[in-house]
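Written below as structure tokens is the structure these notes are about.
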Amino acid sequence: MVPNKKDVIRLLEKIALYMELKGDHPFKIQAFRKAAKVLEMDDRSLEEIDQLTELPGIGKGIAMLINEFITTGHSSILEKLQEEIPKELVYLLQIPGLGAKTIAKLHQELGIQTLDELKRACVEGRIRKIKGFGEKTERNILQGIEQFNKKTFRIPLAQMLPIAKWVEDRLSDMKGIETFFRAGSLRRLKETLKDLDFVIATNHPKYVREQILQFPNIKDRINAGDSKITCKFSFDFDVSVDFRIVSPDSYPTTLHHFTGSKDHNVRMRQIAKARKEKISEYGVENTETGDFFTFRNEKDFFAHFGLPFIPPELREDGSEIDKVEELPDLVSEGDIKGDLHMHSNWSDGVHTVSEMVEACRRRGYSYVAITDHSQFLKIANGLTKDRIRRQLELVRKLNDQYSDITILAGIELDILPDGSLDLDEDILQELDVVIASIHSAFHQSERQILKRLKTAFENPYVNIIAHPTGRIIGRRKGYSVDIEKLFQLAKETNTALEINANPKRLDLKPEYVKIGKEMGVKFVINTDAHSKESLANMEIGVKFARKAWLNKQMVLNTMDTDQLLHFFKQKKEGKSDSFT
DNA sequence: GCCGTTTTCGGCCCGACTGTTTTCAGTCG
């Protein structure tokens with residue numbers, strides 16, 4: 001079997017691991033990791049890449065290694081490393097707190113290779129006898145093994161948000177804090193998180209430190225330094241939380257630093273270095289004059305380097321800094337003129353139609369669509385034709401009461417397992433907006449799913465396909481769908497695709513939205529709210545959409561009411577025209 | 001190992017915390 005790109009990436013990363021244990025030069029190891037990363041970031045397959053050395057980070061040596069691997073199926077460099085280093089040691093690297101140097105030493109001194117041998121050596125107190133090791137280290141290794149056995153997985157954003165809020169509520173009540181904010185992958189809005197990070201500005205660091213260490217639910221103190229605290233909190237599951245305590249002067253740079261990503265920071269620091277400057281958590285230093293700069297906010301920090309403010313959710317692999325010129329006028333929450341997917345207590349929502357409308361009015365929307373489930377979803381008390389007509393009446397009446405918001409009568413129409421739609425066209429045509437979605441038979445083949453979606457796309461009354469892949473983050477992968485064909489159908493039929501703002505879903509993901517964006521597909525950002533509180537998820541949905549560098553023009557619900565209705569009307573009339 | 005309108009040799013992001021040391025190495029983010 002000819003190795004593919006993924007195999008090559010794995011090979012390079014594996015070699016890096018072995019080199020670490022061997023004690024090779026850190027920069028050499030870094031070079032292998034960088035090469036793996038460069039390959040991963042490149043969209044092309046191996047066959048499509050003419051010259052490997054054209055990629056930045058791949059030189060003669062690594063190119064030769066890759067070519068050997070492709071032609072022979074194995075790598076002499078890896079084989080040589082494997083002769084020197086027992087492969088069990090690579091496994092031990094996953095234990096938190098244990099790095100390559102420690103493992104190598106334990107192997108040298110005590111001949112330890114496996115997890116069991118390591119554990120036994122700790123229990124028998126043999127580790128403390130090695131020079132440079134002590135009792136504490138022994139205990140820490142045991143703890144690390146315990147943690148490793150528990151395998152702390154990344155936790156879905158939706159499960160972490162309430163815990164973040166819990167921490168924020170406590171920080172808000174705390175005395176002596178100037179300001180604080182969430183950082184890390186939470187601030188960047190990653191769909192799963194390893195831990196939570198908070199940056200705190202204060203002139204009384206000791207006082208703040210003491211208060212944090214008194215927080216309830218602390219199960220374990222990992223670090224408790226003057227400026228950095230890491231604690232494990234115990235909720236339904238264990239969550240590690242980092243607190244960074246800094247002076248108000250340094251707060252913006254610290255916030256930037258701990259928002260990351262790591263790659264983003266590395267790129268920023270490279271840029272600083274080229275300007276004879278050095279970025280740290282505390283500020284920017286001119287390495288020639290010794291001048292030290294702090295900033296009022298992150299915007300000023302970026303401006304110092306001639307960059308516009310790069311929103312946290314965009315800070316990923318560092319390329320966003322170099323592509324900043326291409327940064328479009330990103331869609332923002334202020335651009336959103338309405339929410340086109342929500343449920344009332346007519347189906348499985350908790351609030352009445354008028355409560356939902358009132359909540360949307362307070363959000364300043366120009367329009368709102370009430371889209372309860374259709375009859376197929378019995379468990380959600382889906383609406384029959386009769387109930388739809390009754391709700392329609394209610395919506396029309398309610399509409400007469402308001403001059404500042406347009407209430408659209410809608411439905412979330414189920415696409416049935418057999419590929420038909422849950423309601424006939426005679427009722428659909430009476431509605432203002434129809435959202436179609438799949439809630440059943442997820443196991444079907446990609447072809448069957450596509451056939452179902454196609455029926456919906458081609459129906460003249462279906463305006464939007466909701467949560468197009470059906471995933472629930474960390475719980476359900478979703479049905480198998482051919483993304484390119486999905487976008488093609490959306491484009492051809494003038495149907496918008498939903499970016500679902502529910503943090504459990506966040507469906508579609510940015511990688512997909514990027515593809516659709518190139519194809520000229522229209523998106524709509526909806527909360528799918530089942531209560532008025534969840535309407536606030538719009539903020540999350542918009543930020544998530546921004547990860548795909550989506551601009552206002554690509555998002556349906558940034559249009560004003562007339563434009564929106566015009567867009568819907570065009571599909572009904574069979575015209576395919578884009579809006580502007 | 002890779003790279004170069006400051007360099008083909010000498011850099012490659014930067015700092016906190018811990019545990020073990022008597023000034024620092026290892027790990028982490």
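Every heavy atom of this structure was used, including side-chain atoms; hydrogens, water molecules and symmetry mates were not.
Remark: Gly132(A), Phe133(A) in residues 109-133 of chain A come within less than 4.0 Å of DNA chain B through at least one heavy atom. Listed in residue order, the members of residues 196-206 of chain A having a heavy atom less than 4.0 Å from DNA chain B come to none. Less than 4.0 Å separates DNA chain B from at least one heavy atom of each of the following residues of residues 280-309 of chain A: Ser280(A), Glu281(A), Tyr282(A).
Across the C1' atoms, dC13(B) and dC28(B) are found 14 Å apart, a figure rounded to whole Å. The same atom, P, is picked in dT21(B) and in dT27(B); the two are 16 Å apart, to the nearest Å.
Residue Asn223(A) is in sugar-phosphate contact alone, with no base atom involved, counting any heavy-atom pair closer than 4.0 Å across all strands shown. In this structure, Glu135(A) reaches the sugar-phosphate backbone alone: every heavy-atom distance under 4.0 Å involves primed, P, OP1 or OP2 atoms, never a base. Heavy atoms of Asn140(A) sit under 4.0 angstrom from primed sugar atoms or phosphate atoms, though from no base atom. Using a 4.0 Å heavy-atom distance criterion, Ala224(A) is classed as a sugar-phosphate-only contact. As judged by a 4.0 angstrom heavy-atom cut-off over every strand, Lys228(A) is placed among residues touching the sugar-phosphate backbone only. Counting non-hydrogen atoms under 4.0 angstrom, Ala272(A) reaches nothing in the nucleic acid. Heavy atoms of Arg267(A) sit nowhere under 4.0 angstrom from any nucleic acid atom. Using a 4.0 Å heavy-atom distance criterion, Phe32(A) is classed as a sugar-phosphate-only contact.
For Lys101(A), a side-chain nitrogen or oxygen approaches OP1 or OP2 of dG26(B) to under 4.0 Å. The phosphate of dA25(B) (OP1 or OP2) has no side-chain N or O of Lys105(A) nearer than 4.0 angstrom. Between Thr137(A) and dT18(B), a side-chain N or O to OP1/OP2 separation shorter than 4.0 Å is absent. Applying the 4.0 Å criterion to OP1 and OP2 of dC17(B), one finds that Thr230(A) has every side-chain N and O outside that range.
Separating the CD atom of Glu138(A) from the P atom of dG26(B) is a distance of 19 Å, rounded to the nearest angstrom. Rounded to whole Å, the distance from CG on Leu98(A) to P on dT18(B) is 18 Å. Across the protein-nucleic acid pair, Arg244(A) atom CZ and dG29(B) atom P stand 13 Å apart, rounded to whole Å. The CG-C1' distance, from Leu92(A) to dG26(B), rounds to 16 Å in whole Å.
The aromatic ring centres of Tyr91(A) and Phe148(A) sit less than 6.0 Å apart.
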Which atoms of nucleotides 2-4 of chain B (N or O only) lie under 3.5 Å from a protein N or O atom, and what are those distances?
from: dC2(B); atom 1: OP1; to: Gly59(A); atom 2: N; distance (Å): 2.7
from: dC2(B); atom 1: OP1; to: Gly59(A); atom 2: O; distance (Å): 3.1
from: dC2(B); atom 1: OP1; to: Ile62(A); atom 2: N; distance (Å): 3.0
from: dC2(B); atom 1: OP2; to: Gly61(A); atom 2: N; distance (Å): 3.2
from: dC3(B); atom 1: OP1; to: Gly57(A); atom 2: N; distance (Å): 2.7

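Using cut-offs of 30° and 60° for the angle between ring planes, the Phe293(A) and His304(A) rings count as tilted.
For Arg188(A) (side chain) and Thr259(A) (main-chain N/O), a donor-acceptor pair under 3.5 Å exists by modelled atom type. At least one donor-acceptor pair closer than 3.5 Å links the side chain of Lys5(A) to the backbone N or O of Leu39(A).
Where Gly134(A) and Ile103(A) meet DNA chain B, the nucleotide closest to each residue was compared, and Gly134(A) sits on the side nearer the 5' end. Comparing Ile279(A) and Lys136(A) against DNA chain B, the residue whose closest nucleotide sits nearer the 5' end is Ile279(A).
In the set dC17(B), dG1(B), dG15(B), dG15(B) carries the atom at the smallest distance from any side-chain atom of Lys278(A). For Phe27(A), counting side-chain heavy atoms from C-beta on, the closest listed nucleotide (dG1(B), dG19(B), dT27(B)) is dG1(B).
In this structure, the salt bridge (Lys or Arg N to Asp or Glu O under 4.0 Å) partners of Arg126(A), at least two apart in sequence or on a different chain, are Glu124(A). Legend: residues meeting salt bridge (Lys or Arg N to Asp or Glu O under 4.0 Å) with Arg315(A), ordered by chain and number and at least two apart, are Glu298(A).
Judged by distance alone, the side chains of Ser319(A) and Asp317(A) do bring a donor and an acceptor atom under 3.5 Å apart.
Across all strands shown, dT27(B) forms a Watson-Crick or G-U wobble pair, both distances under 3.5 Å, with dA16(B).
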* side-chain hydrogen bond (donor to acceptor under 3.5 Å, both in side chains) assessment of Asp242(A) paired with Thr230(A) -> CA-CA 4 Å; Asp242(A) 278 355; Thr230(A) 307; 2.8 Å; yes

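If you run side-chain hydrogen bond (donor to acceptor under 3.5 Å, both in side chains) between Asn500(A) and each of Asp507(A), Asp528(A), Thr527(A), only Asp528(A) comes through.
Residues Lys165(A) and Asp169(A) have side chains in contact (heavy-atom distance under 4.5 Å, counting atoms from C-beta outward).
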